Amino acid sequence: MRRPRSLFLITLMAATASGIGPAPSQITASVPNLSGVWVHTSITGFEPLASGPTSLRNLSRRGVTSDNRQLVGDYHNPILKADAAEIVRKHGEMSLAGVGYPTPRNQCWPGGIPFVFTTTAIQVLQQPAEITFLYYEDHEIRHVRMNQPHPKTVMPSWYGDSVGHFEGDTLVIDTVGIKVGPYAMLDWYGTPHTPALHVVERYRLLDYERAKEGLERDAKENFQVQLDTIDPNYRGKHLQLQFTVDDAGAFTTPWSATMTYRPQVTEWEESICAENPHKFGTEKDVSIPTAAKSDF
């Protein structure tokens, strides 16, 4: 469900005013300000690199791009260990048979890292001590502590423990301790992960000419959506995320992919999953997260 400026947006505005949001006067000239709303107008996956170990492509095509109606991950991708490849293959068989399988997105569960990167828009709220990421679908929020180490003991959580720092013009985020939940997967194809998952993200502002290669890889692989949220003639700064996944329990080697974002020119809208937990024929009803007792 999508709504224009609602209680969620009002809450974000209040949060910004209270110090969660960007404070340009506190951001030095040597550190780029990544704050803003950035949109990635495609589904269903990451932007696979042109060469080297990279993310899965969809074997089911809709013309030249991924068919978002059939999610058949390339289980032949050499990054996958045998057990992981078999899990991806089984998910693909279900999708080809017209049976929807549960994912964090359709089950209204936290997406985790890097699954949450597949959302179509993000808002970045930058402060010197913390950077907050707001993800368009289902109120997912993530906090990155700046210039701090991981604790000696990390309690697993949906988004893990994320610490960041700048290397020149690049924001580098290191995340460990990502929880393995009932619908845990790295992408829409059911690719699994283990508690050993380690993700490193690198965010940079790029001129259009440098960002164009990523946009072209995205358009070649992924089905384009929500094109009304961007200016197709925009030639200014783009935000690109390059991330590397390392998990010896699921993969034969570390692998990388990108997400290339453009500024959003429309209002940030609310997208709620849990308001309608009922599916219609091909999938089970959404299993909304519950707890037997409070976490605090």
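Owing to the predicted nature of the structure, the values given are computational and were not obtained by experimental measurement.
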In terms of relative ring orientation, are W255 and F46 parallel, tilted or perpendicular, with 30° and 60° separating the classes? tilted

Using atom types as modelled and distance alone, determine if a side-chain donor or acceptor of T252 lies under 3.5 Å from a backbone N or O of P78. yes

About how many Å separate CH2 of W188 and CG of N106, when rounded to the nearest 0.5 Å? 9.0 Å

N/O donor-acceptor pair under 3.5 Å between D74 side chain and N58 backbone: no

Determine whether Q224 and T65 make a side-chain contact, defined as any pair of heavy atoms from C-beta on separated by less than 4.5 Å. no

Are any of the side-chain heavy atoms of M146 and P128 separated by less than 4.5 Å? no

Salt bridge K90-E93, side-chain N to carboxylate O under 4.0 Å: no

Shared ILVMFWY cluster between Y208 and M259, side chains joined below 4.5 angstrom? no

Are the side chain of R61 and the backbone of V64 linked by a donor-acceptor contact shorter than 3.5 Å? yes

For Y189, which of V72, L59, T103, L71 qualifies under side chain to side chain contact (heavy atoms under 4.5 Å, CB included)? L71

Would the distance check show the side chain of W38 and the main-chain N or O of L34 forming a donor-acceptor pair, the cut-off being under 3.5 Å? yes

Evaluate the side-chain contact (heavy atoms from CB on, under 4.5 Å) criterion for residues H143 and T132: first the C-alpha distance (whole Å), next the side-chain angles of each, then the deciding distance (0.1 Å), finally the verdict. CA-CA 5 Å; H143 301 277; T132 304; 3.5 Å; yes

Group every Ile, Leu, Val, Met, Phe, Trp and Tyr by side-chain heavy-atom contacts under 4.5 Å, then state whether V154 and V180 land in the same group. no

Examine distances only and state if a side-chain atom of R210 and a backbone atom of G214 form a donor-acceptor pair shorter than 3.5 Å. no

Looking at R105, is its backbone amide N or carbonyl O close enough to the side chain of Q107 to form a donor-acceptor pair, meaning the two atoms are under 3.5 Å apart? no

Nearest heavy-atom approach of S30 to P32 is O-CD, 3.9 Å

Distance (rounded to the nearest 0.5 Å) between T253 OG1 and L80 CG: 11.5 Å

Which residue pairs pass the ring-ring contact (aromatic ring centres under 6.0 Å, His included) test when at least one of the two sits in residues 214-237, sequence neighbours left out? Y234-H238

Return yes if some donor-acceptor pair links the side-chain N/O of D187 with the main-chain N/O of T118 below 3.5 Å, else return no. no

Consider only side-chain heavy atoms of I, L, V, M, F, W and Y, link residues closer than 4.5 Å, and tell whether V172 and L206 are in one cluster. no

Heavy-atom nearest pair, P114 first then V199, reads CD-CG2, 4.4 Å

Point-to-point distance, once rounded to the nearest 0.5 Å, from NE2 of H193 to CD1 of I113: 10.0 Å

Working to the nearest 0.5 angstrom, can you tell me the gap between R145 CZ and I173 CD1? 11.5 Å

Min side-chain heavy-atom separation F251-L186 under 4.5 Å: yes

Within the structure provided, determine whether Y136 and Q226 are in side-chain contact (heavy-atom separation under 4.5 Å). yes

Pairs flagged by side-chain hydrogen bond (donor to acceptor under 3.5 Å, both in side chains) wherever residues 146-156 is involved - sequence neighbours left out: H150-D161, H150-D174

Between Q70 and S60, which heavy-atom pair has the shortest distance, and what is it? OE1-OG, 2.8 Å

Tracing side-chain contacts under 4.5 Å among Ile, Leu, Val, Met, Phe, Trp and Tyr outward from V265 reaches none

Donor-acceptor side-chain pairing of R217 and T54 below 3.5 angstrom: no

Throw together a table of side-chain donor-acceptor distances under 3.5 angstrom for residues 163-170, partners on residues two or more places apart or in other chains.
residue	atom	partner	partner atom	Å
H165	NE2	E167	OE2	2.9
E167	OE1	R202	NH1	3.1

Return the OG to NZ distance between S66 and K220, rounded to the nearest 0.5 Å. 14.0 Å

Could you tell me whether the side chain of D246 and the main chain of P254 form a donor-acceptor pair under 3.5 Å? no

For a 4.5 angstrom cut-off between non-hydrogen side-chain atoms, does I122 reach L239? yes

Looking at every non-hydrogen atom in both residues, tell me the closest pair between A250 and P192 and how far apart they are. CB-O, 3.7 Å

Taking all heavy atoms of P110 and all of P104, pick out the closest pair and write down the distance. O-CB, 3.7 Å

May I ask you to decide if T260's main-chain N or O and E47's side chain share a donor-acceptor pair within less than 3.5 Å? yes

Do K81 and D247 have side chains that approach each other closer than 4.5 Å (heavy atoms only, starting at C-beta)? no

Are Y183 and F115 connected in the hydrophobic side-chain network, where two residues link if heavy atoms are under 4.5 Å apart? yes

Once salt bridge (Lys or Arg N to Asp or Glu O under 4.0 Å) is applied, do any residues pair with K237, and if so which ones, sequence neighbours excluded? D207

Does a side-chain heavy-atom distance below 4.5 Å link E201 with T175? yes

Which heavy atom of P53 sits nearest a heavy atom of I79, and at what distance? CB-CG2, 4.0 Å

Determine whether L171 and V31 fall in the same hydrophobic cluster, where Ile, Leu, Val, Met, Phe, Trp and Tyr are linked whenever their side-chain heavy atoms lie under 4.5 Å apart. yes

Stepwise, does the ring-ring contact (aromatic ring centres under 6.0 Å, His included) test hold for F133 with Y203? CA-CA 12 Å; F133 288 85; Y203 294 85; 5.3 Å; yes

Using side-chain contact (heavy atoms from CB on, under 4.5 Å), reason through I87 and M185 one step at a time and then give a plain yes or no. CA-CA 10 Å; I87 290 172; M185 56 185 67; over 6 Å; no

Could you work out, with side chain to side chain contact (heavy atoms under 4.5 Å, CB included) as the rule, every residue matching P182, not counting sequence neighbours? W109, W158

Give a yes-or-no answer on whether the side chains of N68 and T44 include a donor-acceptor pair shorter than 3.5 Å. no

Is any side-chain heavy atom of S256 less than 4.5 Å from a side-chain heavy atom of L49? yes

For Y75 and H91: C-alpha separation, side-chain torsions, deciding distance, then whether side-chain contact (heavy atoms from CB on, under 4.5 Å) applies. CA-CA 10 Å; Y75 55 91; H91 279 83; over 6 Å; no

Before you tell me yes or no, could you show the steps for H40 and S42 under side-chain contact (heavy atoms from CB on, under 4.5 Å), namely the whole-Å CA-CA distance, both residues' side-chain angles and the distance that decides it to 0.1 Å? CA-CA 6 Å; H40 189 263; S42 68; 3.0 Å; yes

Rounded distance [0.5 Å steps], CZ in R57 versus CD in E221: 6.0 Å

